[in-house]
Asker: 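I'd like to ask you about the structure that follows.
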Amino acid sequence: MTVRVICDFDGTIAEKDMIAAIMREFVPSEAEPIIQDVYRGKKSVRVGVEEMFRLLPSARFEDVAAFAKANTIVRPGFQQFIHTCGKLGWKVTVVSGGFDFFVHPVIHSLSTPVDIYCNRLDLRGPRCEVEWAVPCDATCEGGCGLCKPSVMRSLDDGQTSFIVIGDGVTDFKAAREANYVFARARLLELVREQGIPASPFDTFYDVDGAIQDGGSSLYDYI
Ligand SMILES: [Zn+2]
């Protein structure tokens, strides 16, 4: 049996949601209604994120990337957690609805190899166009943007246990397919309502402590 950890980026590895932070910095009044519609489920993540990036002229990309780099705070314990997964032979896959220009610098600064799924921007036109890395497959009800359960299905060889780590609504479809979940914020409420096996976490030291404790309830499920 292989153990594969599927880890969200925004609000999980990074303490804040970078897409919302970018929009509130560069196009606050135009983006805010879209942010609210996505948050309330009135607009899909896919449509909302595409609309927000179209508000940004491609010529401003270097400013946006510099802002993102300067404003990313990594949740404490992440490096130690990655190191522990490596020692256990667990594969870590970062699956992010975010973008290469803010995900890659954080992950590439680590010494342990980690697979990354995230999106990129097409800057050839006057405005930023989103290129989704993994659209929804036929099993998903759609609207994800980058579809996390589709990524998991593509990685599932029938011999793999999945641990999902996340914080938000976009992680919930992945959490339903997981053997075990580490959750914070809105995702914690959702997995508890559904009775999905899960532990809360605040920092990655919490997750690391659980996986280093052979008596943890996690090991009843993976
Ligand atoms: Zn989907």
Side-chain angles (χ1 to χ4, degrees), residues 2-14 16-20 22-23 31 33-54 91-104 107 114-122 128-198 221-222:
T2 309
V3 176
R4 192 180 281 273
V5 179
I6 303 291
C7 191
D8 171 50
F9 188 82
D10 280 278
T12 301
I13 297 170
K16 281 192 298 188
D17 182 330
M18 186 49 69
I19 294 176
I22 287 168
M23 297 305 156
I34 307 174
I35 292 172
Q36 294 305 323
D37 281 355
V38 171
Y39 187 74
R40 297 199 183 100
K42 287 204 276 180
K43 196 167 262 180
S44 73
V45 172
R46 183 179 69 79
V47 169
V49 171
E50 288 175 5
E51 285 182 1
M52 285 192 278
F53 275 96
R54 273 188 210 118
K91 292 176 177 147
V92 179
T93 306
V94 172
V95 184
S96 168
F99 289 83
D100 54 0
F101 68 88
F102 57 81
V103 175
H104 283 185
I107 305 303
V114 172
D115 294 330
I116 306 171
Y117 289 82
C118 64
N119 310 299
R120 58 189 302 278
L121 292 174
D122 178 349
C128 298
E129 291 288 336
V130 175
E131 291 184 357
W132 298 108
V134 184
C136 298
D137 65 13
T139 307
C140 184
E141 61 259 44
C144 295
L146 184 145
C147 184
K148 297 183 181 189
S150 294
V151 172
M152 288 169 71
R153 282 189 281 273
S154 75
L155 295 171
D156 190 3
D157 57 4
Q159 301 279 311
T160 301
S161 288
F162 286 97
I163 297 172
V164 164
I165 306 177
D167 72 309
V169 177
T170 59
D171 300 308
F172 182 56
K173 286 185 197 171
R176 284 189 307 202
E177 314 251 330
N179 297 79
Y180 199 83
V181 179
F182 288 97
R184 53 177 299 280
R186 180 72 182 126
L187 181 65
L188 183 60
E189 299 169 7
L190 291 168
V191 295
R192 282 185 166 157
E193 280 168 20
Q194 298 288 317
I196 294 168
Y221 296 96
I222 65 169

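In each ligand, atom 1 is the first atom listed, and ligand 1 is the first ligand listed.
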Asker: Side-chain contact test, heavy atoms from C-beta onward, threshold under 4.5 Å: evaluate it for T160 versus L155 and give yes or no.
Answerer: no

Asker: What protein N/O/S atoms lie closer than 2.8 Å to the Zn ion (ligand 1)?
Answerer: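 Listed by chain and number, the nearby protein N, O or S atoms are C136 SG, C140 SG, C144 SG, C147 SG.
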
Asker: Given E51 and R54, is the salt bridge (charged side-chain N to carboxylate O under 4.0 Å, His left out) satisfied, shown in steps?
Answerer: CA-CA 5 Å; E51 285 182 1; R54 273 188 210 118; over 6 Å; no

Asker: Hey, are the side chains of I13 and I107 touching, using non-hydrogen atoms and a 4.5 Å cut-off?
Answerer: yes

Asker: Please check if the side chain of N119 supplies one atom and the backbone of A133 the other of a donor-acceptor pair under 3.5 Å.
Answerer: yes

Asker: Can you give me every donor-acceptor pair (side chain of residues 147-154, partner residue at least two apart or in another chain, under 3.5 Å) with its distance?
Answerer:
{"unit_1": "K148", "atom_1": "NZ", "unit_2": "D8", "atom_2": "OD1", "d": "2.8"}
{"unit_1": "K148", "atom_1": "NZ", "unit_2": "V95", "atom_2": "O", "d": "3.4"}
{"unit_1": "K148", "atom_1": "NZ", "unit_2": "D171", "atom_2": "OD1", "d": "2.7"}
{"unit_1": "S150", "atom_1": "OG", "unit_2": "D137", "atom_2": "N", "d": "2.9"}
{"unit_1": "S150", "atom_1": "OG", "unit_2": "D137", "atom_2": "OD1", "d": "3.3"}
{"unit_1": "S150", "atom_1": "OG", "unit_2": "D137", "atom_2": "OD2", "d": "3.4"}
{"unit_1": "R153", "atom_1": "NE", "unit_2": "D137", "atom_2": "OD2", "d": "2.8"}
{"unit_1": "R153", "atom_1": "NH1", "unit_2": "E177", "atom_2": "OE1", "d": "3.4"}
{"unit_1": "R153", "atom_1": "NH1", "unit_2": "E177", "atom_2": "OE2", "d": "3.2"}
{"unit_1": "R153", "atom_1": "NH2", "unit_2": "D137", "atom_2": "OD1", "d": "2.9"}
{"unit_1": "R153", "atom_1": "NH2", "unit_2": "D137", "atom_2": "OD2", "d": "3.4"}
{"unit_1": "S154", "atom_1": "OG", "unit_2": "V151", "atom_2": "O", "d": "2.7"}

Asker: Within the side chain of D167, is there an N or O that forms a donor-acceptor pair under 3.5 Å with the backbone of R184?
Answerer: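 Pair absent, no side-chain N/O of D167 close to backbone of R184.
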
